[in-house]
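Here the structure comes first, spelled out in structure tokens, and everything after it is commentary.
Every chain is numbered from 1 and lettered A, B, ... according to where its sequence line falls, protein lines coming before strand lines.
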Number of protein chains: 2
Amino acid sequence: MSKQPEGCAPLARDPLSAEQAGELAALFKALADPVRLRLLSLIASQEGGEVCVCHLTDAFELSGPTISHHLKVLREAGLITGERRGTWVYYRVRAEALGRLSAVLLPAEVPA
Amino acid sequence: MSKQPEGCAPLARDPLSAEQAGELAALFKALADPVRLRLLSLIASQEGGEVCVCHLTDAFELSGPTISHHLKVLREAGLITGERRGTWVYYRVRAEALGRLSAVLLPAEVPA
DNA sequence: TGTCAAGATAGATGTATGTCGAAGCAACCG
DNA sequence: CGGTTGCTTCGACATACATCTATCTTGACA
């Protein structure tokens, strides 16, 4: 539930400020775990764009609380959103957030 | 000096294998620190593409060993390369590595 | 209302990591 | 050859983090 960093020019355009670097590092930290990357990928690649948590827990040999913890990290980083519908909770990715990170990593390559 | 992961389709195309996720997580872990992001950005945004370590240590209020440690993490992740010329060591970014990571994060958005 | 199932939270624990000072290497210069 | 400077490696330490079990909350349904 942190504030979303703005568009943010590519790394290679200008040196990052300490503040920008801190915000970006928090996002990359959320991605810096194999389980979380697989969760994100499972959600993102799903037909319809959303996945029930029960399907995610089944896909790993990890305890429910551990999956729940990883989903919370991704959620608080702003990379996914969760919605409860009845008994189940469904997650979907925030494509803008991923796109923003992708843009930050683009090499400079003749800016103008 | 780990082996470079191959092109790797976007996260959103297909669910990542455990192995792919592990390799990617190692790369994102290297980016998951404010100091390393600023170092990378300082190097990448430099006119000429390379920076002397002495310039990098001057840019932070951190000890030399700490900067050296972070450069090593980036180097072993394959994100930068270092070259010694005489007294000084110069670093430059591996644009392909950054570009690959950028591509992985691209949202799917009508693949065909 | 009582019970059951799906998820989330809390607390504990082992491991990983960021930081430092001290020491080691490598290259220049008297 | 000895000294100085730039950078890396080593060892120590405090903090952060992934994982677990146990517990709590929420909703469905009899």
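- One atom, CG of B/Asp33, and another, C1' of C/dT17, lie 9 Å apart when rounded to the nearest Å.
- Atom NE2 in A/His55 sits roughly 16 Å away from atom C1' in C/dA6 (whole-Å rounding).
- Applying the side chain to side chain donor-acceptor pair (under 3.5 Å) test between B/Tyr91 and each of B/Glu50, B/His55, B/Arg75 identifies B/Arg75 as the sole match.
- Protein atom CD of A/Glu61 is 10 Å distant from nucleotide atom P of D/dC20, rounded to whole Å.
- Here the closest non-hydrogen pair linking A/Ala95 and B/Pro107 is O-CG, 3.5 Å.
- Of the two residues near DNA chain D, A/Val35 and A/Arg85, the one whose nearest nucleotide lies more 5' is A/Val35.
- Between A/Thr66 and the phosphate of D/dC20, there is a side-chain N or O to OP1/OP2 separation shorter than 4.0 Å.
- Atom pair A/His70:NE2 and D/dA18:P shows a separation of 6 Å (rounding to whole Å applied).
- In this entry the distance linking CG of B/Leu74 with C1' of C/dT17 reads 14 Å, nearest Å.
- Distance B/Leu62 CG to D/dC7 C1': 16 Å, rounded to the nearest Å.
- At whole-Å resolution of the value, CG in A/Asp58 and P in C/dG7 are 9 Å apart.
- At least one side-chain nitrogen or oxygen of B/Ser63 sits closer than 4.0 Å to the OP1 or OP2 atom of C/dC20.
- Taking the side chain as every heavy atom from C-beta outward, A/Leu24 and B/Leu31 never approach each other to under 4.5 Å.
- No side-chain donor-acceptor contact under 3.5 Å links A/Ser68 to the backbone of A/Gly64.
- A/Arg38 contributes no side-chain N or O that, together with a main-chain N or O of B/Gln20, makes up a donor-acceptor pair within less than 3.5 Å.
- B/Leu106 approaches B/Pro10 most closely through the heavy-atom pair O-CB, 3.5 Å.
- Look at CZ on A/Phe28: it is 19 Å from C1' on C/dT17, rounded to the nearest Å.
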Which letter, B, S or -, goes with each nucleotide of nucleotides 8-16 of chain C from 5' to 3', with contact meaning a protein heavy atom under 4.0 Å? BB-------

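- Across C/dG7, C/dT19, D/dT21, the shortest atom-to-atom separation from the side chain of A/Cys52 is found for C/dG7.
- Test B/Ile80, B/Thr66, B/Leu40, B/Thr57 against B/Leu71 for side-chain contact (heavy atoms from CB on, under 4.5 Å) and you get one pass: B/Ile80.
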